Amino acid sequence: MTVRFLGRLKTVSRGGCSRCGHRQVNSRRFQYVDRIIGMDGRFHQYIVGHEYEVSEREGNYLLGLTYLDGGVEKHCFEVA
């Protein structure tokens, strides 16, 4: 099965001090490159727009990955 990575939004938090109470800053960024744990338990790096040849089982797993964008569920991968 051939799949294409579409990218995804990820929340990145930085800053903040538990001692003085300084507020943490969160930002949402689009991930063009992402590391995802595969069915074999290893990290795989995916780049937006690139196509990857994977097994049928791995492909079904990747097609099921989703993220929320403003309350709308979106998919990270599509069938190429």
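Small disclaimer: the values here were computed from a predicted structure and weren't measured.
- No hydrogens or angles considered: nothing links the side chains of T2 and E51 as a donor-acceptor pair under 3.5 Å.
- F77 is not listed as a side-chain neighbour of V54, based on a closest heavy-atom distance of 4.5 Å or more.
- In terms of heavy atoms, R4 sits closest to A80 at NH2-CB, 4.0 Å.
- Below 30°, between 30° and 60°, or above 60°: for F5 and Y46 the angle between ring planes is between 30° and 60°, a tilted geometry.
- In this structure, the separation between CD1 on I36 and CZ on R8 is 5.0 Å, given to the nearest 0.5 Å.
- Here the side chains of V48 and F30 are in contact, with some heavy-atom distance below 4.5 Å.
- Rounding to the nearest 0.5 Å places CG of L68 at 6.5 Å from CD of E73.
- The shortest distance between side-chain heavy atoms of V33 and Q45 falls below 4.5 Å.
- Under the 3.5 Å distance criterion, the side-chain polar atoms of Y52 are matched with a main-chain donor or acceptor of I47.
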In sequence, state the C-alpha distance, the side-chain angles, and the governing distance for M1 and N60, and then conclude on side-chain contact (heavy atoms from CB on, under 4.5 Å).
CA-CA 9 Å; M1 173 184 282; N60 290 330; 3.8 Å; yes
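- The side-chain heavy atoms of R29 and K10, taken from C-beta on, include no pair separated by under 4.5 Å.
- Atom-to-atom distance recorded for L65:CG and L6:CG is 11.5 Å, nearest 0.5 angstrom.
- Across H75 and Y67, no two heavy atoms sit closer than the pair O-CE2, 4.1 Å.
- Annotation for H44 and R42: closest pair CD2-O, 3.3 Å, computed over non-hydrogen atoms.
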